[in-house]
Amino acid sequence: MLAYTIRRLLYALPILIGVNLITFGLFFVVNTPDDMARMQLGAKRVTPDAIQKWKAERGYDRPLMWNSAATGSAALTDTIFFSKSVRMFVGDFGRADDGRDISREISTRMGPSLAIALPTFVLGLFVAVSFALLLVFFRATRLDFYGVVLCVAMMSISGLFYIIGGQWLVSKILHLVPISGYSGGLDAGKFLVLPVIIGVVGGIGASARWYRTVFLEEITRDYVRTARAKGLPERVVLFRHVLRNALIPILTGVVVVIPTLFMGSLLTESFFGIPGLGSYTIDAINAQDFAVVRSMVFIGSVLYILGLLLTDFSYTLADPRVRLQ
């Protein structure tokens with residue numbers, strides 16, 4: 001197991017370095033600091049002096065990757081690449097255009113994002129798997145047919161419809177919860193109920209249909225026929241045997257979603273006024289705050305790679321034979 005873990009970690013390191021290099025190239029080579037300054041300053045205020053001042057205030061006036069004017073290690077460290085990309089590996093993301101520390105903002109906003117994402121993830125997984133098992137239990141019946149139709153219909157509806165429709169019905173018409181906003185402590189519950197419910201409902205269609213396909217494939221296996229031949233009830237076959245042996249494809253879809261729990265939901269947080277990482281990213285894009293956008297891209301890539309590693313480790317728990325591959 002230790003060798004398997006080390007091998008997977010060694011695979012992840014060059015991928016993360018490559019993503020960092022690509023991100024640096026997109027932000028500083030394809031889109032140069034001069035281009036960033038022009039977009040920030042606007043057409044009416046663009047002058048060579050204004051561009052140079054804007055770059056100097058943000059540390060973009062240094063060479064990209066090699067400072068020939070410096071001596072010793074400063075030739076590498078006194079560059080944009082080291083200050084803006086390499087230091088991200090130790091959690092130093094610098095400052096946003098408004099002067100606030102990006103690392104502190106991320107740590108502060110991660111809580112509201114997790115407060116929405118974790119309940120949505122857990123409840124959504126439970127509801128989708130349970131609904132899929134129900135359809136498989138009553139397969140080839142009207143319940144199964146109309147259940148699949150419902151899943152396809154829910155998949156076809158945009159998530160924006162659920163958000164706006166939920167706010168209109170639950171908040172504006174029924175006045176059950178606030179339409180938007182957020183507060184800390186126990187008062188946060190009234191602001192989180194509606195986003196969580198909308199998140200669960202919006203994801204049931206695609207998830208349940210996928211799990212149903214996985215379960216239907218499993219019930220054709222030999223071990224299922226053997227279990228039925230022993231006289232086991234159908235519910236025992238489904239919940240004890242089929243569900244357990246379907247963990248590999250389920251884990252593939254579930255664990256990869258985990259990075260999005262920390263990144264937040266862009267639409268949900270923006271429409272409900274929740275100060276999470278998703279709304280932070282949207283605000284940074286609208287304000288053309290390249291430092292924040294670059295930091296969020298890097299964090300997203302790190303979390304996605306960690307999610308893939310967690311997927312590999314979860315495979316070994318579901319099927320020990322994976323350790324030998």
Side-chain angles (χ1 to χ4, degrees), residues 105-134 150-151 154-155 157-212 239 243 246-247 250-283 296 299-300 302-304 306-307 310-311 314 317:
E105 286 292 314
I106 291 174
S107 61
T108 302
R109 292 173 176 267
M110 186 175 292
S113 292
L114 288 174
I116 295 178
L118 280 178
T120 303
F121 172 75
V122 175
L123 290 176
L125 179 62
F126 175 78
V127 172
V129 171
S130 300
F131 186 52
L133 286 172
L134 179 66
L150 178 63
C151 289
M154 296 178 70
M155 291 170 56
I157 299 175
S158 171
L160 191 58
F161 173 82
Y162 292 110
I163 294 175
I164 298 176
Q167 287 180 323
W168 176 80
L169 177 62
V170 179
S171 298
K172 189 173 182 180
I173 302 300
L174 300 178
H175 302 286
L176 296 178
V177 294
I179 193 170
S180 64
Y182 185 78
S183 64
L186 296 177
D187 291 336
K190 62 183 179 181
F191 296 102
L192 298 177
V193 171
L194 184 57
V196 170
I197 293 176
I198 290 176
V200 172
V201 173
I204 288 178
S207 300
R209 191 168 182 268
W210 160 247
Y211 297 144
R212 175 183 175 274
F239 286 92
L243 179 59
L247 283 179
I250 290 177
L251 289 172
T252 302
V254 168
V255 182
V256 175
V257 176
I258 290 179
T260 63
L261 303 181
F262 297 89
M263 294 300 292
S265 173
L266 302 181
L267 284 178
T268 302
E269 292 181 4
S270 297
F271 274 86
F272 285 97
I274 296 173
L277 294 177
S279 60
Y280 187 47
T281 305
I282 289 292
D283 293 341
M296 298 307 296
I299 292 176
V302 171
L303 292 175
Y304 191 77
L306 290 177
L310 187 57
T311 304
S314 61
L317 300 177

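Note that the CD1 atom of I299 and the CG atom of L306 stand 11.5 Å from one another [nearest 0.5 Å]. Here the straight-line distance linking atom CZ of F131 with atom SG of C151 works out to 4.5 Å at 0.5 Å rounding. In this structure, the separation between CG on L150 and CD1 on I204 is 8.5 Å, given to the nearest 0.5 Å. Atoms OG1 and CD1, from T120 and I197 in turn, are 9.5 Å apart once rounded to the nearest 0.5 Å. The distance from the CG atom of L303 to the CG atom of L277 is 9.0 Å, given to the nearest 0.5 Å. Between the CD1 atom in I198 and the OG1 atom in T268 there is a gap of 7.5 Å [rounded to 0.5 Å].
In terms of heavy-atom proximity, P195 sits nearest to L192 at CD-O, 3.3 Å. The two residues S279 and S270 come nearest to each other via the heavy atoms CA-OG, 4.1 Å.
Here S207 pairs with nothing under the side-chain hydrogen bond (donor to acceptor under 3.5 Å, both in side chains) rule; sequence neighbours left out. Looking at residues two or more places apart in sequence or on another chain, you find a side-chain hydrogen bond (donor to acceptor under 3.5 Å, both in side chains) between R109 and E105. With sequence neighbours left out, the side-chain contact (heavy atoms from CB on, under 4.5 Å) criterion links S183 to D187, F191. Residues that satisfy the side-chain contact (heavy atoms from CB on, under 4.5 Å) test with F126, not counting sequence neighbours, are S130.
Taking 4.5 Å as the limit, some side-chain heavy atom of M296 sits within range of a side-chain heavy atom of I106.
A salt bridge (charged side-chain N to carboxylate O under 4.0 Å, His left out) check over residues 157-168, counting only residues at least two apart or in different chains, returns nothing.
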Checklist line | Criterion side chain to side chain contact (heavy atoms under 4.5 Å, CB included) on V129 and L243, from CA distance to verdict | finding: CA-CA 9 Å; V129 171; L243 179 59; 4.0 Å; yes
Just list the side-chain donor-acceptor pairs under 3.5 Å for residues 159-182, sequence neighbours left out, or say none.
residue : atom : partner : partner atom : Å
Y162    : OH   : M154    : O            : 3.2
Q167    : NE2  : I179    : O            : 3.2
Q167    : NE2  : F271    : O            : 3.1
S171    : OG   : V177    : O            : 3.2
S171    : OG   : P178    : O            : 3.4
H175    : ND1  : S171    : O            : 3.3
H175    : NE2  : K172    : O            : 3.0

